[in-house]
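Notes follow the structure.
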Amino acid sequence: MTLFAFLILFAAVVIGYILNLRAARAIRAGGTKLHSLDGFHGGFSALVTLVPTFFFIILWLMLQGTVIESMIKAGLPDGTLDGLGTGQVQLIMSEIRSIAGGRIFGTPEDWKLEAAERLVSLRSTSSLLLVVLTIALTAGLILLTRKTVRAEFRARQGVERIVLGLMVGCATVAIFVTIGIVGSLVFETYRFFEMVPFTDFLFGTSWEPQIPLREDQIAAKGAFGMLPVFLGTMVIATVAMVIAVPIGLFSAIYLHEFASPKIRAVIKPVLEILAGVPTVVYGFFAILVIAPAIRSFGTDLGLPIAPNTALAAGLVMGIMLVPFISSFADDALAAVPRSLRDGSLALGATQAETISKVLFPAAIPGIVGGILLAVSRAIGETMIVVMAAGLIAKMTINPLDSVTTVTVQIVTLLIGDTAFDSPKTLAAFALGMVLFVMTLIINIFALRIVRKYREIYD
Amino acid sequence: MYDTPASGKTAVTNEVKIAARKVNVFYGDTHAIKDVDVEIEDKTVTAFIGPSGCGKSTFLRCLNRMNDTIDICRVEGLIALDGEDIYAPSIDPVQLRAKVGMVFQKPNPFPKSIYENVAYGPKIHGMARTRAELDEIVERALRRGAIWDEVKDRLQEPGTGLSGGQQQRLCIARAVATEPEVLLMDEPCSALDPIATAQVEELIDELREQYSVVIVTHSMQQAARVSQKTAFFHLGNLVEFGETGQIFTNPHDPRTESYITGRIG
């Protein structure tokens, strides 16, 4: 029936469009000059019918469940729900729903059967009502807009205003989603800090996210100090950037300035493939190739190296970020106007001097922006670290040690059975908040740098 | 009809600075310059005129090997600076460009301070050993570019913040700071208003005392005003080359006459 309502809407839009188009053409054929083109009169009718009716149907579908449920509740025999908790009420309602759906367990009481019958009939009435109201609404709107077709009616402005409104709506979706995400994060984080002191979390040097199941359990006092986890993230991100920045920048400069078209035709697609490799696959690479290689190399030198190291994860993450940085740097270099390069060469500068003294400084905003976005990605990267870096939170900056990161801990905290009233689970949200704030600061910083040093070329 | 040429009618013959013989330039399959022979004299302003796409800028860019930066461009023939073939393998284009400076159509100051813009060339060529020497070179160049008085109090401000005419004079100052022997100018006034144009033209006339100046221009009035020698290019050919006064008053070739009287172009 819902599908039927949408089909009616679709038909109404087409009918309204054609009616108004014809009417406008008829006026034009009569020799009168119209303000707007015929298509705008048609479009005006189509949009005026489409937008309100569409939202009406959506709203109806969203609200009908709640309304029907409250009607069922009101229709139950007096006193049935008295003194019951929300959980028990929900249980009764879901039982009624499953009876209505034909799934009957045992022998339910008569009043439940009766309620289920009423639910079925209410649902079909609601669908029917929806179709009827849709027909009435679209018909009314078509008639209303049909009357607007006059020579002086500004249909184009009307259409433009409606389309503008739709665009504003789309643009605000991002805002509401952001508010929603931040809101949920803030709410859960707040609950976490009700159980664990803020300073313990922020400055604690021990991360053992467990909680005693019994009062007298031994050695299970949890510790929620985020510093070791934070430090692990920083170590891995630093290793990754140390790898990614020089390789990315130099490959971009080489490709952009020195490489012959043939070489570029090979390397560019390979870099793009690198950018398209899923991070899980990078994780395999880290465990199967890099980590053993580092370990055997360490053994040769007589260094004890953990099987899971920050170095392995950081190296592979660095490789993952190379195409990211090189493509940003490439774009930034390409955006420097050719006239600057020519100006420098014409002064007798070598290509190297031109790159290092003119092109590179001019491209710095774009390059720094790219690097900082890469840092954000390194901090937020999860899969490679889960696979290659380990799970133990250690207060160390030794890249040859096993460390863990914020994202890894969020994953481990939320895996398996979770209770959303224990600090163990809620700690994930607090860590998420830390991550969010960190990347937000970096992004703001990146945008400011880009804006401050952006040179305006014409 | 035109302003009287600055001093074209009574030109003294100077020694030849750049000699081009049978120069052909190809862009891929396009034959852009066909068998051009020209002699550019020292301490003289030589103007290249001609309709759009006639190859005058392309030829200009051959004189300091700027066409090297375009992959598909191929230059044949002989271009000699002071008798030395500039396309010989022994010549380093980087050193050549230090001797043959260039000013472009659109002002292209670097996104650096005014001071750094001018100091860029002297720095990379190691022309100054101390900061004081560099200061002096910068001041001299800015004075020669006739912009010193306007910028002397704001040398550390970005060069891109100047007006269009000031930017172009800054670029001229930047080009003369490396003490070139020849200055190539590719339509240096096309992006400027009449007042800035007049300033730049005056500057070109002053620069003639020390340099050999080659200027590409779309404006025949400008060619007549600033140059002593004029070369008329058409469809990649050098149609006529001679004293500016003669070219504008008594052209030998009918195509030149058609162009300067506005019938082709």
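Remember, predicted model here, so these are calculated numbers, not experimental data. Every heavy atom of this structure was used, including side-chain atoms; hydrogens, water molecules and symmetry mates were not.
Within the 4.5 angstrom heavy-atom criterion, no atom of B:Pro93 approaches chain A. Only the side chain of B:Tyr120 comes within less than 4.5 Å of a heavy atom in chain A; its backbone stays farther off. For chain A, the nearby parts of B:Arg174 are the backbone and the side chain; heavy atoms of each come within less than 4.5 Å. With a 4.5 angstrom heavy-atom cutoff, A:Ser344 touches chain B via backbone and side-chain atoms both. If you measure heavy-atom distances from B:Val100 to chain A, the contacts under 4.5 Å come from the backbone alone.
Closest non-hydrogen pair, A:Ala346 versus B:Asn64, comes out as CB-ND2, 4.3 Å. B:Lys112 approaches A:Lys357 most closely through the heavy-atom pair NZ-O, 2.7 Å. Minimum interatomic distance between B:Met66 and A:Asp342 (heavy atoms only, all atoms of both residues): CE-O, 3.4 Å.
Within a 6.0 Å sphere centred on CZ of A:Phe250, heavy atoms belonging to other residues, nucleotides or ligands number 12 at most. Atom CD1 of A:Ile397 is surrounded by 12 or fewer heavy atoms from other residues, nucleotides or ligands within 6.0 Å. More than 12 non-hydrogen atoms from other residues, nucleotides or ligands lie less than 6.0 angstrom from CD of A:Glu160. More than 12 heavy atoms of other residues, nucleotides or ligands sit less than 6.0 Å from atom CZ of B:Phe26.
By the 4.5 Å heavy-atom criterion applied to side chains, A:Arg338 and B:Thr69 are counted as neighbours.
Remark: A:Glu353 CD to B:Lys123 NZ distance equals 12.0 Å, nearest 0.5 Å. Rounded to the nearest 0.5 angstrom, A:Leu340 CG and B:Phe104 CZ are separated by 10.0 Å. The line from CZ of B:Arg97 to OG1 of A:Thr350 is 10.0 Å long, rounded to the nearest 0.5 Å. To the nearest 0.5 Å, atoms CE (B:Met102) and CG (A:Leu345) are separated by 11.5 Å.
Of residues 77-89 of chain B, no residue lies under 4.5 Å from chain A by any heavy-atom pair.
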